Amino acid sequence: MMHPSLYELSFLLLHLYFAAFISTTGASSPSLFDGNLELPGGSIPTVSLEHLDPTLPPALPTQTPHCSLVVLQHDFADTVGVTPASANYTHPSDCPFPWTRVVLELSVAATDLQESRVAAIWIDGAEVLRTVTPIPMARGAFWRVHKDVTRYTALLRRLADGGGVISMMLENSNKVLPGVFSANVSLHYFRGPVDDGGSKSMSNAAHPSVRSLYREPADLVLPISKPDGQYGSGFWYHIDNETGVESTTVAIPRNTYRAVLEIFVSYHGEDESWYTNPLRNNYLHQPTAAKLSAPRANGAFRQVYATIDGKYVGGHVPFPVIYSSAINPVFWSPVAAIGAFDMPSYDLDLTPFLALMLDGRAHEIGLGVCSALPHWLVNANLHLWVDYWSDAVQAGPVEYFVPAIQMNRNAEWRNPDGQSEIGAEGLERFAGWVSSSRGNLTTEVRHKIKLKSQVQVPFQPC
Ligand SMILES: *[C@@H]1O[C@H](CO)[C@@H](O)[C@H](O)[C@H]1NC(C)=O
Ligand SMILES: *[C@@H]1O[C@H](CO)[C@@H](O)[C@H](O)[C@H]1NC(C)=O
Ligand SMILES: *[C@@H]1O[C@H](CO)[C@@H](O)[C@H](O)[C@H]1NC(C)=O
Ligand SMILES: *[C@@H]1O[C@H](CO)[C@@H](O)[C@H](O)[C@H]1NC(C)=O
């Protein structure tokens with residue numbers, strides 16, 4: 001007998017329309033803000049200015065936390081290519097597990113002018129926050145990010161039980177501008193009933209793409225990130241092209257009855273504003289357009305996807321978070337673009353694929369980006385729920401339907417102005433059953449993709 005449990009993931013609505021105007025001079029520098037930050041000599045004002053993220057605020061508890069502690073403090077000055085800042089964690093003994101809610105707070109102040117940078121925070125190699133800094137345009141810029149991290153209870157419990165390492169990366173350079181980012185990372189633990197200001201439905205959910213996914217925090221969270229990240233160039237994988245799939249080998253408990261992969265991405269270099277990239281075309285290779293030394297191209301369609309032992313198991317078109325250096329930096333101060341402070345992560349319900357992984361052996365979870373140009377910073381967390389009443393659960397596949405995404409590409413170029421368009425449409429379905437002490441449940445996942453993008457490059461006489 002089958003009790004259908006239908007997880008309907010309707011990721012519709014990726015109907016993006018970007019009419020991007022890329023100036024032929026600006027396009028050559030990957031960070032559009034390079035060198036444009038010039039104020040009259042020597043008289044940079046000090047303005048205590050708070051930068052804000054306009055994303056709907058997460059429903060955070062309104063009462064004072066049971067305990068709060070600063071877990072990492074660091075000044076990021078010249079940090080390109082250095083190992084992540086990290087700190088050993090010591091949990092206060094009067095604040096035992098379980099907690100009803102845990103909130104991460106990142107508080108940053110910039111000492112001076114600086115460009116926009118990407119940053120991330122990890123707990124024992126599992127990412128809990130990806131964020132982009134605003135552009136401090138005066139001394140005295142500061143901002144705060146609050147994120148509900150209750151879904152990582154399994155990691156936090158390990159911290160509380162026996163320590164662990166909190167790491168943060170923010171690759172900053174003082175070669176051009178003097179600004180140093182001073183960061184404090186804190187954790188706030190709540191016990192007892194919490195008052196979220198009445199919005200119960202959002203509990204445990206920072207901004208999940210499917211609301212119910214983390215209603216019960218997972219029993220285990222495994223990092224799908226660079227294993228030596230603490231001593232190397234961080235936990236994130238660099239993905240430079242569409243064939244570069246980076247993978248981590250994991251063995252999962254044989255009594256896992258549910259699995260969700262949460263993918264974190266940010267895009268840089270030639271793909272920093274991928275949502276405005278035109279389609280590649282011939283004029284870029286002609287001498288008249290020689291100023292376009294970095295032809296950002298490939299069109300405005302990207303999909304971040306995951307594989308298990310090389311088999312495609314789902315993907316997402318990322319939400320185009322606009323960095324504070326993109327399009328026009330003045331647009332994003334002091335209010336940043338949606339999602340810039342707490343970049344969305346992308347959830348893939350892997351429950352239909354549990355049959356591939358329940359043999360107790362190690363399997364490769366891979367991450368890739370369709371049409372990627374250098375470079376993307378990608379890593380993920382594998383959230384697992386285990387059946388304590390079984391030593392092993394059984395699982396089997398039911399459906400695997402992955403037709404190619406239908407793509408329409410159209411480019412019309414005069415020299416060098418013109419426009420290009422991309423339309424993408426696709427529907428994928430995965431289903432599988434898992435038989436545990438909770439019953440024999442079939443999970444069905446549907447991904448619907450619909451995207452339209454138009455990019456115009458206007459002619460600009462030099
Ligand atoms: C669970 O249900 C599926 C289909 O509904 C069936 O094929 C499978 O044999 C069942 N598994 C067990 C262990 O009963
Ligand atoms: C963390 O603890 C380990 C030993 O357990 C020690 O080697 C390391 O230096 C400590 N790290 C920091 C940043 O204090
Ligand atoms: C970080 O914490 C210290 C106190 O420990 C405080 O003086 C400083 O202003 C804080 N910095 C930020 C950016 O919140
Ligand atoms: C793509 O990137 C991977 C690393 O992610 C690299 O090993 C591979 O050589 C690259 N392929 C091409 C065609 O550049």
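Basis for what follows: all heavy atoms, side chains included, without hydrogens, waters or symmetry-related copies. We count ligands from 1, going down the list as the structure has it; atoms in each ligand are counted the same way. This structure is a prediction, so every number in the text was calculated from the model and none was measured.
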Q: Using a strict cut-off of 4.0 Å, indicate which atoms of ligand 2 neighbour a heavy atom of S86.
A: 13 (C)
Q. What atoms of ligand 1 come within less than 4.0 Å of a heavy atom belonging to S435?
A. 13 (C)
Q: Go through ligand 1 atom by atom and flag the ones less than 4.0 Å from a non-hydrogen atom of N440.
A: 1 (C), 2 (O), 3 (C), 8 (C), 10 (C), 11 (N), 12 (C), 14 (O)
Q) For the residue pair Y189 and W99, does the interplanar ring angle fall in the parallel (under 30°), tilted (30 to 60°) or perpendicular (over 60°) class? A) tilted
(Q) Below 4.0 angstrom, counting only protein heavy atoms, does anything approach atom 12 (C) of ligand 2? (A) yes
(Q) Would D240 count as a polar contact of ligand 4, with the cut-off being nitrogen or oxygen pairs under 3.5 Å? (A) no
Q) W122 vs F235 aromatic rings, parallel, tilted or perpendicular, using cut-offs 30° and 60°? A) tilted
Q: In plain terms, say whether K448 and E425 are close enough for a salt bridge, that is, a side-chain N and a carboxylate O under 4.0 Å apart.
A: no
Q) Can you find a protein heavy atom under 4.0 Å from atom 5 (O) of ligand 4? A) yes
Q: Say whether Q394, considering both its backbone and side-chain N or O atoms, lies within less than 3.5 Å of an N or O atom on ligand 1.
A: no
(Q) Checking contacts now, so for atom 9 (O) of ligand 4, which I'm interested in, is there any protein heavy atom under 4.0 Å? (A) no
Q) Is D391 salt-bridged to R254, cutoff N-O under 4.0 Å? A) no
Q | Numbered atoms of ligand 2 (with element) below 4.0 Å of N88, judged on heavy atoms | A | 1 (C), 2 (O), 3 (C), 8 (C), 10 (C), 11 (N), 12 (C), 14 (O)
Q: Verify whether the ring centers belonging to Y346 and F264 lie closer than 6.0 Å.
A: no
Q | Parallel, tilted or perpendicular: rings of W376 and W274 (30°, 60°) | A | tilted
Q: Please verify whether a non-hydrogen atom of E246 lies at under 4.0 Å from ligand 4.
A: yes
Q) Does the ring centre of Y305 sit less than 6.0 Å away from the ring centre of H316? A) no
Q) Among protein heavy atoms, which sits nearest to atom 14 (O) of ligand 4, and what does the distance come to when rounded to 0.1 Å? A) N241 ND2, 3.3 Å
Q.
Check R438 with D387, please: is the shortest side-chain N to carboxylate O separation under 4.0 Å?
A. no
